Amino acid sequence: MSTLDAAAPTAHPPVFHFTDEHGALRAVLRRFFGTITEADDATATWRRLLDEIGMGDILCTGSAEPVGTAIDLAILAEEAGAALYRGPLVSTAVGGPLLTVAGSGAVDGALLGAGITGLTGHRGGDGVRVNGTAEPVWELDGAESIVGELSIDGERTVVVLNRDTPGVTATELDGLDPSRSLGRVEFVDAVPDVVITGATALAALRRRGDLVVAAELLGVAQRTFDQTLDYVAGRIQFGRTVGSFQAIKHRVADLLTQVELTRSAVYGAAWQLTTAPESPRTDTDLAIAGAMAADTATAVTRAAVQLHGGIAITWEHWAHRYLRRAHSVVALTGGAPRYRRRLAELVDLEDGHRD
C-alpha cells in the first residue's frame, strides 16, 4: 500500500498515513526486541536484526530510496528506544548510507557523536591522515569501524577508519546510561578507509541522525508513559487506585498530550524527509521534532520516577534505566536548546530570503 494519497488533488502536498506495512514492521520489531535479554550477546542480536529481520536495507539506504524509507527508519528507532536496545543503531543509521554510496562494507561501526573536539586531518602525498582525540564515541563496544567528521584543508569531511588501523587506539568509558556504550578514540597519523566530502553528504548525515535520535527518544517516552499508566491504574492507596486521584489524572493527561504531540512532530519530520529530503522545510521539521522529543523524554522519565513513589528511587528500578537513557542522549546531543538554536537560525534564514 502506498503512503501517497492518490485521490488528493495534485495542487496539495501528499498526505501521510501509516500503512498496513508500517503496522506489520512495528509488530515484527516489537516482538524481536521483546525477546532480547541483558544476557544475550549484543553482536549476535545486531546480526539477527540485520540479517533475519532484514533491517540492513533500512539502515544502509538513503532517504532518496523508495517512499517510506525514512518512516521505516523512524519506526525502527522508536521501537529500539522503547526496548533500550544496546546495538549500534544510531551510528549505522547515520553512517550506513554514506558508506554504501562510497562502496565500503564498513557499516557496523560507531558514530563519533555530538560535541567532539580535537580531531584534525591533512592531505599529503600518501593521502589523508587523521590526528587527535575523539570523545565521546557512541556505541564503541564491538564496533569494527569508526565514523567521524572533521575539517581537512577547511572542508568538512567524513572519514571512516577501521578500529584495527595503525594509529587508532580505542578506550571504552563508563557513562550515565549502561545500555549504551561510550568511549574515547585517539588517532595518530591514522589512514582512513573512506573519505567523503561535500555539503550534501554531510547534510544527509545530520538529517538522518536528527530523525533517529528524535524517534529513539519518542520510544523511550512512549514506553515509559505506558508502563507508568499501568502502574497508577493498579496501585491501591487509601482504598483507591492512585490513578483515580485528580492530581494524578491531570498529570497523566498532560504527559499523554506531550507524547502525542511529539509523535506527530517526529513522524511529520520523517514524512518530510521522505518526500523532500533537501527542502528547508525538512530541516525545520527535524529541529522541531528534536526539541520536542528531548523535552518530552526527560519530562516523562522524571515523572515516572515520581509517580512510582518510593519503589522508583533505586537505580535498579526500570524507571531509572529509562531516565538514564533519556538524559544521556540529551546530554550527548545538546538536547532541546541545540535544536531551538537551529530552528532560530532556519527561521532567520527564511526571513532573509523573504526580504
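Source: prediction; values computed, not measured.
Within a 6.0 Å sphere centred on CG of Asp41, heavy atoms belonging to other residues, nucleotides or ligands number more than 12. Heavy-atom neighbours of Arg321 CZ from other residues, nucleotides or ligands within 6.0 Å: at or below the threshold of 12.
Clustering ILVMFWY residues whenever any of their side-chain heavy atoms sit less than 4.5 angstrom apart, transitively, puts Val305 in a cluster other than the one holding Val330. A single hydrophobic cluster is not seen to contain both Val194 and Val191; linkage of ILVMFWY side chains at heavy-atom distances under 4.5 Å, directly or through other members, places them apart. In terms of hydrophobic clustering, with Ile, Leu, Val, Met, Phe, Trp and Tyr side chains grouped at heavy-atom distances under 4.5 Å, Tyr322 and Val90 are assigned to different clusters. Residues Val220 and Leu255 do not share a hydrophobic cluster, defined by chaining ILVMFWY side chains whose heavy atoms lie under 4.5 Å apart. Met55 and Leu84 fall into different hydrophobic clusters, where Ile, Leu, Val, Met, Phe, Trp and Tyr are joined by side-chain heavy atoms under 4.5 Å apart, directly or via other members.
Within the 4.5 Å cutoff, the side chain of Val158 has heavy atoms near those of the Val147 side chain. Looking at Thr157 and Ile196, their side chains never come closer than 4.5 Å, going by heavy atoms from C-beta outward. Counting only heavy atoms from C-beta outward, the side chains of Arg86 and Glu38 never approach each other to under 4.5 Å. Residues Leu202 and Arg206 fail the side-chain proximity criterion, which asks for heavy atoms closer than 4.5 Å. No side-chain heavy atom of Leu273 sits less than 4.5 Å from a side-chain heavy atom of Leu73. Contact check for Thr120 versus Phe187: no side-chain heavy atoms found under the 4.5 Å cut-off. Between Asp210 and Arg338 there is a side-chain heavy-atom pair separated by less than 4.5 Å. Counting only heavy atoms from C-beta outward, the side chains of Val185 and Thr133 never approach each other to under 4.5 Å.
The pair Arg263-Glu78 meets the salt-bridge criterion, since a charged nitrogen lies less than 4.0 angstrom from a carboxylate oxygen. Ionic pairing of Glu52 and Arg31 is not present here: no N-O contact between side-chain nitrogen and carboxylate oxygen is shorter than 4.0 angstrom. The existence of a salt bridge linking Asp40 and Arg48 is excluded, since no basic side-chain nitrogen approaches an acidic carboxylate oxygen closer than 4.0 Å. Between Glu79 and Arg30, at least one side-chain N (NZ, or NE/NH1/NH2) sits under 4.0 Å from a carboxylate O, which counts as a salt bridge.
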side-chain contact (heavy atoms from CB on, under 4.5 Å) between Val160 and Ile146, intermediate numbers included: CA-CA 6 Å; Val160 184; Ile146 300 169; over 6 Å; no
Derivation and outcome, side-chain contact (heavy atoms from CB on, under 4.5 Å), residues Arg129 and Arg123: CA-CA 6 Å; Arg129 298 277 181 164; Arg123 296 183 185 274; over 6 Å; no
From CA spacing to verdict: side-chain contact (heavy atoms from CB on, under 4.5 Å), Asp295, Arg340: CA-CA 11 Å; Asp295 280 343; Arg340 292 193 182 104; 2.2 Å; yes
Chi angles and distances behind the side-chain contact (heavy atoms from CB on, under 4.5 Å) call for Leu332, Leu182: CA-CA 10 Å; Leu332 289 169; Leu182 297 174; 3.9 Å; yes
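The shortest non-hydrogen separation linking Ala190 to Pro192 is O-CD, 3.5 Å.
A donor-acceptor pair under 3.5 Å is absent between the side-chain atoms of Thr165 and the main chain of Val168, judged by distance alone. The closest donor-acceptor contact from the side chain of Tyr339 to the backbone of Ala293 lies at 3.5 Å or more, if one exists at all. With hydrogens and angles disregarded, no donor-acceptor distance shorter than 3.5 Å links the side chain of Thr301 to the backbone of Leu323. Counting only distance, with no hydrogens or angles, the side chain of Thr275 and the backbone of Trp271 share a donor-acceptor pair below 3.5 Å. Arg208 places a side-chain N or O within 3.5 Å of a backbone atom of Leu59 that can act as its donor or acceptor partner. Side-chain atoms of Asn131 come within 3.5 Å of backbone N or O of Asp189 as a donor-acceptor pair. Panel note: side chain Ser279, backbone Ala276; no donor-acceptor pair is recorded below 3.5 Å. Of the possible donor and acceptor atoms, one in the side chain of Ser181 sits under 3.5 Å from a partner among the backbone N and O of Leu140.
In this structure, the separation between CZ on Phe33 and OG1 on Thr45 is 8.5 Å, given to the nearest 0.5 Å. How far CD1 of Ile248 is from CD of Gln306: 9.5 Å, rounded to the nearest 0.5 Å. Leu173 CG to Arg184 CZ: the interatomic distance, rounded to the nearest 0.5 Å, is 5.0 Å. In this structure, Leu49 CG and Arg47 CZ are separated by 11.0 Å, a value rounded to the nearest 0.5 Å.
Looking at Arg180 and Ser328, their side chains never bring a donor and an acceptor atom within 3.5 Å of each other. A donor-acceptor contact closer than 3.5 angstrom links the side chains of Asp226 and Gln222. A donor atom on one side chain and an acceptor atom on the other are found under 3.5 Å apart for Gln246 and His250. A donor atom on one side chain and an acceptor atom on the other are found under 3.5 Å apart for Glu139 and Ser91.
A side-chain hydrogen bond (donor to acceptor under 3.5 Å, both in side chains) with Arg207 is found for exactly one of Asp285, Asp283, Thr282, namely Asp283.
Aromatic ring pairs are classed by plane angle as parallel below 30°, tilted from 30° to 60° and perpendicular above 60°; the pair Tyr85 and Trp46 is parallel.
Residue pairs satisfying the ring pair (Phe, Tyr, Trp, His ring centres under 6.0 Å) criterion with at least one member in residues 290-309, sequence neighbours excluded, are listed as follows: Tyr231-His308, His308-His317, His308-Trp318.
Every residue two or more places apart in sequence or in another chain was checked for a side chain to side chain contact (heavy atoms under 4.5 Å, CB included) with Asp230, and none qualifies.
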